[in-house]
2 protein chains.
Amino acid sequence: MRPAKISESAVRRLSLYLRVLDAFELAGKTTVSSGDLAELGGMTPAQVRKDLSHFGSFGKRGLGYPVSELRERVTEILGLGRRWRVGLVGAGKLGAALFFYDGFRGQGFDVVGVFDNDPGKIGQHWGRLVVEDIESIDRVVRAARIEMGIIVTPVISAQSVADLLIAAGVGAILNFAPTRLRVPPGITLRNVNLEIELESLAFALTHENGA
Amino acid sequence: MRPAKISESAVRRLSLYLRVLDAFELAGKTTVSSGDLAELGGMTPAQVRKDLSHFGSFGKRGLGYPVSELRERVTEILGLGRRWRVGLVGAGKLGAALFFYDGFRGQGFDVVGVFDNDPGKIGQHWGRLVVEDIESIDRVVRAARIEMGIIVTPVISAQSVADLLIAAGVGAILNFAPTRLRVPPGITLRNVNLEIELESLAFALTHENGA
DNA sequence: GTTCGTTTGTGATTGATTTCACAAGGAAAG
DNA sequence: CTTTCCTTGTGAAATCAATCACAAACGAAC
C-alpha cells in the first residue's frame with residue numbers, strides 16, 4: 001500500500017487519471033476500464049493498470065474500476081484529501097496570474113501568503129491578503145504554517161528566497177525562475193522553465209525534417 | 001551530426017548547458033570541462049559528454065571544451081541561431097504575464113500575434129500589437145508566418161484553438177490549459193500543467209516520511 | 001622527445017521504465 | 001451450473017536512459 005518507489009512520471013500520470021475520472025464521473029459513468037482511462041489520458045491500458053497496481057488493486061476483473069471509488073483513492077494517494085497552504089514569492093505579473101488563477105483553489109491549494117521585495121508592491125491588497133516584505137518570510141511562513149513555496153522572482157533573488165523558505169520550514173518548492181536552485185536533501189523541488197519549453201519546440205521544428 | 005534520435009530529456013539538458021555556458025563566458029572563462037558543466041548544471045560529467053557527443057565532438061582531450069565555440073554550436077543545435085515567430089492565444093492574466101516577460105525575446109522568441117475571443121479584449125493594444133479575434137487566427141498566422149503557438153485559454157477552448165493553429169500551419173504548440181490536446185503526427189506539443197506540478201509536490205510531502 | 005597529469009569520447013554495463021502476454025477472476029446468459 | 005466474454009493484475013521481456021570505466025588525445029614541463 002505504501003510502495004517502495006514510484007517514479008516521478010508515474011505520479012504525474014496519476015494526476016492525469018484524476019482528471020479523466022472527473023470527466024467520467026461528470027458523464028455519469030460508474031465504471032471505467034483501463035482502456036477507457038488510457039484512451040482519454042493518452043497512454044496505454046497496460047501502463048494504467050501497472051500504475052494503479054502499485055497502490056493496491058482497485059478494479060474488478062471483467063468489469064473495470066469503480067469511477068467514484070477510484071477517484072477517491074487516487075485523490076488520497078496524491079495527498080489531495082486535504083488542503084495545502086502555499087506561499088507565493090514574487091508579486092509581479094506572473095505571480096499575479098498564478099494568484100488569481102482559480103484552478104489551484106479547486107485542487108486544494110490555498111495561497112495564504114504573498115511576498116515581494118519591491119516597496120511599491122509591499123502593502124498592496126491582493127484579495128484578502130496583503131503583500132508582505134520578503135524579510136517577513138520566516139515570520140509569516142511559520143505563523144500561517146505554510147507548507148509549499150512558489151518562486152516567481154527574477155533569477156537573482158531565487159536562491160536566497162528558496163533558502164529563506166526552507167529555513168522557515170517549507171518542504172516543497174515550485175520554481176519558475178530560470179535557474180537551478182540548490183536545496184538540501186529532503187526538500188522537494190520542481191522546476192517550470194518556460195524558456196526550456198520553447199527551446200525544446202525550436203529544436204523539434206529545426207530537426208523534424210531535413211529543413 | 002544529424003543524430004538518429006535524441007531523447008526529450010537530453011534536449012532539455014542542452015538548454016541548461018547553454019545557460020551555464022553563458023555564465024562561464026560572462027565570467028571570462030575560455031574553456032570548460034564536462035565536470036565544470038556538470039557541477040553547475042546539476043548532472044554528471046559522463047552525461048554531459050554523452051549528450052554533447054550525439055552531435056559531434058567539440059572538446060579537446062586533456063583540456064575541455066572551448067566555451068565560446070561550444071555555446072555557438074549548442075545554440076545552433078537547439079535551433080536558436082535565428083528568431084522564431086510565436087502566436088499567443090489567450091489574453092488573460094497568464095497570457096499577459098507571458099507576453100510582457102522579457103526572457104523569451106532574449107532567447108530569440110518574438111510574440112507577433114495575440115488572440116482572444118472576449119470582445120472586451122479584442123482591439124486592446126499590447127505593446128505594438130493589437131489583440132485579434134480568435135476567428136482571425138488563420139489569416140494572421142499566415143500573414144505573420146507564425147511558427148509556434150502558445151495556448152493560455154480555458155480548457156473549454158483549448159482543443160479548438162489548437163486545431164485552428166495547426167490548420168493555419170503552426171508546427172509546434174506549448175499548451176498551458178490543463179487538458180490533453182490531440183494533435184496530428186508531425187506536430188510537436190509540450191504541456192505545462194501547473195496543477196500537476198503542485199499535485200506532485202503534495203504527493204512528495206505526503207509520502208516522504210510516514211507522516 | 002619523453003613523461004605526467006588531465007580530460008574527452010564511447011563501448012559496455014547497469015538501472016529504470018514501458019510494454020507484452022497470459023493466467024486468474026468475475027459477470028451474465030441460458 | 002456451465003460456458004462465454006471481458007478485464008484485471010503481474011511476472012517476463014523489451015526498450016530506453018544513465019552511468020561506468022578506460023583507451024586515446026592533448027598540453028605542459030623538463
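These numbers were taken from a predicted model, which means no experiment stands behind them. In what follows, every chain begins at residue 1, and chains take the letters A, B, ... in the order their sequences are listed.
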What one-letter contact string describes nucleotides 10-18 of chain D from 5' to 3', where B marks a base within less than 4.0 Å of any protein heavy atom, S marks contact via sugar-phosphate atoms alone, and - marks no contact?
BBB----SS
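Atom CD of A:E39 sits about 8.0 Å away from atom CG of A:D36, to the nearest 0.5 Å.
For the pairing with B:E199, the salt bridge (charged side-chain N to carboxylate O under 4.0 Å, His left out) check across A:R12, A:R19, A:R13 returns one residue only, A:R19.
Dashed line: the shortest gap from a side-chain N or O of A:Y65 to OP1 or OP2 of D:dC6 is not under 4.0 Å.
Axis angle between the ends of the helix from C:dG1-D:dC30 to C:dG30-D:dC1, five pairs each and rounded to 10 degrees, works out to 0°.
Of the possible donor and acceptor atoms, none in the side chain of B:H207 sits under 3.5 Å from a partner among the backbone N and O of B:A202. In this structure, the side chain of B:S157 does not engage the main chain of B:T153 through any donor-acceptor pair within 3.5 Å. At distances below 3.5 Å, not a single donor-acceptor pair connects side-chain atoms of B:D51 with backbone N or O atoms of B:F55.
Between B:G64 and A:L63, it is B:G64 whose nearest contact on DNA chain C lies nearer the 5' terminus.
A cation-pi arrangement is found for B:K93 relative to A:F100, the charged atom lying closer than 6.0 Å to the ring centre and inside a 45° cone about the ring normal.
Counting to the nearest Å, the C1' atom of D:dG9 and the CZ atom of A:F58 are 12 Å from each other. Between A:H54 atom NE2 and D:dG9 atom P there is a gap of 12 Å when expressed in whole angstrom units. Between A:D36 atom CG and D:dC6 atom P the separation is 14 Å, expressed in whole Å.
The number of heavy atoms from other shown groups lying within 6.0 Å of CZ (B:R82) is above 12.
The side-chain heavy atoms of A:V112 and A:W84, taken from C-beta on, include no pair separated by under 4.5 Å.
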